[in-house]
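Chain letters run A, B, ... following the sequence lines, proteins first, then strands; residues in each count from 1.
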2 protein chains.
Amino acid sequence: MDQFVSTFTNKIDAKGRISVPVSFRTVLAKDGFEGIYCYPSLDDAALDAGGQRLVDKIQLLLEDIAPYSDERDHLAMALFGASEVLSIDQDGRIKIPERLCDHAALSSKATFVGLGGKFQIWEPEKFQDQFSAGRKKLSEFKGLLGTDRRKPGDAEGARE
Amino acid sequence: MDQFVSTFTNKIDAKGRISVPVSFRTVLAKDGFEGIYCYPSLDDAALDAGGQRLVDKIQLLLEDIAPYSDERDHLAMALFGASEVLSIDQDGRIKIPERLCDHAALSSKATFVGLGGKFQIWEPEKFQDQFSAGRKKLSEFKGLLGTDRRKPGDAEGARE
DNA sequence: TGGGATATCATGGGCGTCAATGGATGGAAG
DNA sequence: CTTCCATCCATTGACGCCCATGATATCCCA
């Protein structure tokens, strides 16, 4: 699996360290990035994080939005300037810088939530709210995902 | 056979483990996915589960619904964040995380229901209710299913 | 055809390993 | 000297691996 999946809530210890879920570390290792690329989410009181794939995506996004312009530099500054590369210690822990903690209102615990190509870090209670809201929104689309209201190809009959 | 078919009710042991029906394991092995991708059903108190095919479907869905919006993050959270990749031990058993057990109200037993391209996991009694209800509805659509009609009574493989 | 031997699968339990966490040590920087 | 940070070690609880059991279905051969 090369996607960030599931959610984990871990403790931030007295020294500000927190364990990164092992499955996330595995994904990061696979895309060959030493550490975690991390920046404040633009939309939420949370942190966006990921590995090389995320960095590439941001670069593409920048080039798309503002090719060869001054504006691009400004955007780049806003995005990259607010970012940090967090190193993972040998026990799989990171230390989240204060500036980022502030943005996400992190104190004693943090929730890692996988979003496929990247993941986010939330204060657990804020996460719950956001999650419920997202779930509700998702059910508006449920016709598309469905409980397998059987695609044509899925018509089943024979047994083994 | 590359479809999830039939119904099995198995026991959840003291350690929270449950055997995945061997025929389901065979299907999973065929589509090349180590483990079971699993998330709470949007419509029911049950779990949706499957292999690589299911993951692909979800990814496509996300790209369809919300390419590059902040909404996409929220939907990704509701989908990937609520999901788990369950590893199958060498005896063919999985451990269903508490969060998922809660959603499906699983305690001592669970029913695996094949739906073709994916399968569901139900609390046995809830499944019975759902099954009867579904059967009633099914008769309304019988015409659509044509010759391939399976009598519901035939669908049970559970040994109890 | 019947009955015993064999294979397969669901299930239970013991045990070693690993992940998450807490704490200690050593060194660099202010 | 004191603070910050990285490495290292210890503890605990969960999980994976392994083996045993029982029940069922399959096969083989007289």
Side-chain angles (χ1 to χ4, degrees), chain A residues 1 4-30 34-36 38 49 84-102 106-114 119 121-122 124 159-160, chain B residues 1 4-30 33-36 38 49 84-102 106-114 119 121-124 127 156-160:
Chain A
M1 194 63 173
F4 298 103
V5 165
S6 183
T7 82
F8 307 85
T9 297
N10 287 341
K11 231 173 171 181
I12 301 175
D13 72 15
K15 298 189 201 169
R17 299 174 298 183
I18 184 168
S19 295
V20 178
V22 65
S23 70
F24 286 17
R25 300 203 303 260
T26 314
V27 177
L28 287 165
K30 265 187 196 156
E34 278 302 310
I36 294 181
C38 186
E84 307 271 353
V85 175
L86 311 180
S87 61
I88 304 178
D89 73 22
Q90 63 187 11
D91 294 330
R93 289 183 279 198
I94 55 174
K95 178 179 183 317
I96 304 174
E98 202 181 324
R99 180 164 26 125
L100 295 180
C101 278
D102 286 350
L106 301 179
S107 57
S108 68
K109 290 183 165 197
T111 297
F112 293 78
V113 50
F119 62 94
I121 304 175
W122 286 78
R159 303 180 63 160
E160 312 194 3
Chain B
M1 190 59 174
F4 298 105
V5 162
S6 186
T7 300
F8 306 86
T9 296
N10 287 340
K11 213 172 172 187
I12 301 176
D13 72 17
K15 293 158 101 177
R17 299 174 298 183
I18 184 169
S19 294
V20 178
V22 64
S23 70
F24 286 17
R25 299 202 305 258
T26 316
V27 177
L28 287 165
K30 269 186 193 156
F33 190 70
E34 278 302 309
I36 294 181
C38 187
E84 307 274 351
V85 176
L86 311 181
S87 59
I88 305 179
D89 73 22
Q90 64 186 15
D91 295 329
R93 288 182 279 196
I94 55 175
K95 179 183 182 311
I96 304 175
E98 202 181 322
R99 190 171 356 149
L100 295 182
C101 279
D102 286 350
L106 301 179
S107 56
S108 66
K109 290 183 165 197
T111 299
F112 293 78
V113 188
F119 61 94
I121 304 175
W122 286 79
E123 193 283 321
F127 169 69
E156 315 217 36
R159 341 164 196 286
E160 302 186 60

Let's see if you can work this out: which of C:dA20, C:dG23, D:dC18 has an atom nearest to the side-chain heavy atoms of B:Arg93?
D:dC18
With sequence neighbours excluded, tell me which residues meet salt bridge (Lys or Arg N to Asp or Glu O under 4.0 Å) with B:Glu123.
none
Carefully, step by step, assess B:Leu28 and B:Phe4 under the rule side chain to side chain contact (heavy atoms under 4.5 Å, CB included).
CA-CA 9 Å; B:Leu28 287 165; B:Phe4 298 105; 3.9 Å; yes
Would you kindly give the CZ-to-C1' distance between B:Arg25 and C:dT8, to the nearest whole Å?
10 Å
Across all chains, not counting sequence neighbours, the side chain to side chain contact (heavy atoms under 4.5 Å, CB included) partners of A:Ala110 are A:Ile12, A:Ile18, A:Leu106, A:Ile121
Figure out the CG/P separation between B:Asp13 and D:dC15, and round it to whole Å.
12 Å
Nearest whole angstrom, please: distance from the C1' of C:dA10 to the CD1 of B:Ile94.
14 Å
Rounded to whole Å, CD1 of A:Ile18 lies from C1' of C:dA20 at a distance of 10 Å
How long is the line joining NZ of B:Lys11 and P of D:dA23, in whole Å?
12 Å
Return the set of residues passing side chain to side chain contact (heavy atoms under 4.5 Å, CB included) with B:Lys15 (not counting sequence neighbours), or none when no residue passes.
B:Asp13, B:Arg17
Can you sort out the partners of A:Asp102 under salt bridge (Lys or Arg N to Asp or Glu O under 4.0 Å), two or more places apart, ordered by chain and number?
none
Could you state the atom-to-atom distance from CD1 of B:Ile12 to C1' of C:dA10 in whole Å?
14 Å
With 3.5 Å as the limit, what N/O pairs link the protein to nucleotides 1-5 of chain D?
none

With sequence neighbours excluded, residues passing salt bridge (Lys or Arg N to Asp or Glu O under 4.0 Å) with B:Arg99
B:Glu84
How far does the helix from C:dT1-D:dA30 to C:dG30-D:dC1 bend, going by the axes of its first and last five pairs, to the nearest 10°?
30°
Minimum-distance nucleotide to A:Arg17 side chain [options: D:dT7, C:dA10, C:dT21]:
D:dT7
In chain order, what residues pass the side-chain hydrogen bond (donor to acceptor under 3.5 Å, both in side chains) check against B:Asp91, with sequence neighbours excluded?
B:Arg93
Who pairs with B:Val20 by side chain to side chain contact (heavy atoms under 4.5 Å, CB included), at least two apart in sequence or on another chain?
B:Phe24, B:Arg25, B:Ile36, B:Ile94, B:Phe112
Please compare A:Ser19 and B:Ala14 by the position of their nearest nucleotide in DNA chain C and report the one closer to 5'.
B:Ala14
Below the 4.0 Å mark, does D:dC15 have OP1 or OP2 next to a side-chain nitrogen or oxygen of B:Ser87?
no
Using nucleotides 20-22 of chain D, report all nitrogen or oxygen pairs with the protein that are shorter than 3.5 Å.
none

For B:Gln90 and D:dC17, what is the distance between atoms CD and C1' respectively, to the nearest whole Å?
5 Å
Taking side chain to side chain contact (heavy atoms under 4.5 Å, CB included) as the test, write out the residues that go with A:Thr9, two or more places apart.
A:Lys109, A:Thr111, A:Pro124
Once rounded to the nearest 0.5 Å, what's the spacing between atom CD1 of B:Ile88 and atom OG of B:Ser19?
11.0 Å
Can you name the closest pair of heavy atoms from B:Leu86 and B:Cys38 and give their distance?
CD1-CB, 4.0 Å
Over how many whole Å does the gap from B:Asp89 atom CG to C:dG14 atom P extend?
17 Å
